[in-house]
Amino acid sequence: MAELMDGKLVSALVLDKLQARTELLKAQGVAPHLAVVLVGEDEASAIYVRNKQRACDRIGMDSTVIRMPGDTTQQILEDQVRELNADPSVHGILVQFPLPAPLQEGPILALIDPTKDVDGFHPANVGRLMNGLPAPVSCTPKGCMALLDHYNIPVSGKEAVVVGRSNTVGKPMAVLLMQANATVTICHSRTQNLADHCRRADILVAAIGKARFITVDMIKPGATVIDVGINRVDGKVVGDVDFAAAQSVAGAITPVPGGVGRMTVAMLLSNTLDAAERWIASSLCSSQ
């Protein structure tokens, strides 16, 4: 039976450390502050934002949720982002996606101050990540790497397969695994012989957005399986992996729910604290 990679447990340990960092920053006169912009009435987005608020409360971080109606114009949304960019009390900005049509996400991502981009999606930060430079890292891939580290899963020299090539998960996940010296294959909707690729993986990351798409016959015995998927089937939340069957083959596996999702929120707060600490450092330099 596979070892369960418990995101609920690991995220709680991470939040304990983040709480200590928050208290240290407050002792220096800086209250870390995350601002979230939520446009429209998407239920999943609203739940995710509430989870972020609860996590902020848990570690003593200030959080603001700016709720905007679904008919908000592109100009009004961009003006809101500019206002947050200019607010020195805000260290992290997150615009919750997806945005209602016809709002465009690309211009919003590019408008967020890169130093306040706690999602790691700004083009400048994506470029820095690709070049191995310090940058905020997309929260879900960063959480996956934290799980691998906590459970002492070897990465260097291993075969890793990422199923999914999104800008938010698949691509940055592949970059982080490469930076950890894994040999990485990215698979997607046009990949031929997908199952053959998956069966080679020592580390298999499923981020394709299709319920139970990864079946037990696609998993190498003893492999580590990280399930990033969040899908609703008959009122239940399930991942991209057929979890019940995969447990009997994998060496370690994340559950859904209770796995990567918890880590994503913890990494968002970690990125916000990083931004606040950088702000302090830059303020000290400018005052000297």
Side-chain angles (χ1 to χ4, degrees), residues 1-17 137-166 168-187 194-231 233 236-268 270:
M1 185 67 68
E3 179 180 19
L4 192 69
M5 302 172 72
D6 189 342
K8 182 177 180 180
L9 169 66
V10 179
S11 66
L13 296 174
V14 171
L15 291 176
D16 286 342
K17 294 178 181 178
V137 176
S138 181
C139 301
T140 296
K142 184 176 180 179
C144 293
M145 296 302 292
L147 281 172
L148 290 170
D149 180 67
H150 178 84
Y151 285 96
N152 298 311
I153 305 294
V155 178
S156 181
K158 299 299 182 179
E159 288 272 354
V161 172
V162 179
V163 184
R165 55 177 170 179
S166 70
T168 56
V169 179
K171 291 176 184 176
M173 186 77 240
V175 171
L176 292 178
L177 287 165
M178 283 191 291
Q179 289 178 353
N181 299 315
T183 300
V184 182
T185 300
I186 301 179
C187 297
L194 175 62
D196 291 341
H197 289 286
C198 292
R199 278 191 289 267
R200 294 204 310 269
D202 301 305
I203 300 170
L204 178 61
V205 181
I208 200 167
K210 295 184 178 180
R212 304 187 180 111
F213 181 81
I214 302 296
T215 54
V216 66
D217 60 299
M218 299 168 70
I219 298 171
K220 177 181 178 179
T224 297
V225 180
I226 299 179
D227 191 348
V228 180
I230 299 177
N231 312 281
V233 176
K236 295 182 179 180
V237 176
V238 301
D240 289 354
V241 177
D242 184 355
F243 178 79
Q247 283 188 97
S248 64
V249 173
I253 191 170
T254 61
V256 177
V260 174
R262 295 288 190 120
M263 297 300 297
T264 297
V265 174
M267 295 303 112
L268 173 67
S270 176

* P172 versus V137: any side-chain heavy-atom pair under 4.5 Å? -> no
* To do: Sorted by first residue and then second, give each side-chain hydrogen bond (donor to acceptor under 3.5 Å, both in side chains) pair with at least one member in residues 238-262; sequence neighbours left out.
  => N231-D240
* To do: For A201 and A223, work out which heavy atoms get closest and say how close.
  => O-CB, 3.4 Å
* Asked: What heavy-atom pair brings A211 and V233 nearest, and what distance separates the two atoms?
  -> CB-CG2, 3.6 Å
* Side-chain donor/acceptor of S11 to backbone N/O of G7, under 3.5 Å -> yes
* Yes or no on side chain to side chain contact (heavy atoms under 4.5 Å, CB included) for V163 and V205, after CA distance, side-chain angles and deciding distance? -> CA-CA 6 Å; V163 184; V205 181; over 6 Å; no
* Structure fact -> The salt bridge (Lys or Arg N to Asp or Glu O under 4.0 Å) partners of K171 (sequence neighbours excluded) come to none
* To do: With sequence neighbours left out, write down each residue that passes side chain to side chain contact (heavy atoms under 4.5 Å, CB included) with A246, or none if nothing qualifies.
  => I219, V241, I253
* To do: State, yes or no, whether a side-chain contact exists between V256 and V237 at a heavy-atom distance under 4.5 Å.
  => yes
* Results of side chain to side chain contact (heavy atoms under 4.5 Å, CB included) for A180 - residues two or more places apart only -> M145, V155
* Structure fact -> Rounded to the nearest 0.5 Å, the NZ atom of K17 sits from the CG atom of L15 at a distance of 11.5 Å
* Give the intermediate values and the outcome of side chain to side chain contact (heavy atoms under 4.5 Å, CB included) for residues V260 and I226. => CA-CA 8 Å; V260 174; I226 299 179; 3.7 Å; yes
* Minimal non-hydrogen separation, R165 against I186, with atom names -> CB-CG2, 4.0 Å
* To do: May I ask you to test the V162-C187 pair for a side-chain heavy-atom distance under 4.5 Å?
  => no
* S166 side-chain N/O to V169 backbone N/O, donor-acceptor pair under 3.5 Å -> yes
* To do: Taking all non-hydrogen atoms of both residues into account, name the closest pair between S270 and K142 and its distance.
  => OG-NZ, 3.6 Å
* To do: Using the side-chain hydrogen bond (donor to acceptor under 3.5 Å, both in side chains) rule, collect all pairs that involve residues 145-160, keeping only residues at least two apart or in two chains.
  => none
* N/O donor-acceptor pair under 3.5 Å between S138 side chain and T168 backbone -> yes
* Looking only at heavy atoms, which two atoms of C198 and I214 are closest? And how far apart? -> SG-CD1, 4.3 Å
* Any chance you could lay out the side chain to side chain contact (heavy atoms under 4.5 Å, CB included) test for M5 and V10, step after step, and finish with the verdict? => CA-CA 8 Å; M5 302 172 72; V10 179; over 6 Å; no
* Residue pairs fulfilling side-chain hydrogen bond (donor to acceptor under 3.5 Å, both in side chains) with at least one residue in residues 196-216, sequence neighbours excluded -> D196-R199, H197-R200, D202-K220, T215-D217
* So do the side chains of M218 and L194 get within less than 4.5 Å of each other, counting heavy atoms only? -> yes
* To do: I would like to know whether V228 and T140 meet side chain to side chain contact (heavy atoms under 4.5 Å, CB included); could you show each step before the answer?
  => CA-CA 8 Å; V228 180; T140 296; 3.6 Å; yes
* Asked: Quick one: are T224 and L148 in side-chain contact, heavy atoms under 4.5 Å?
  -> yes
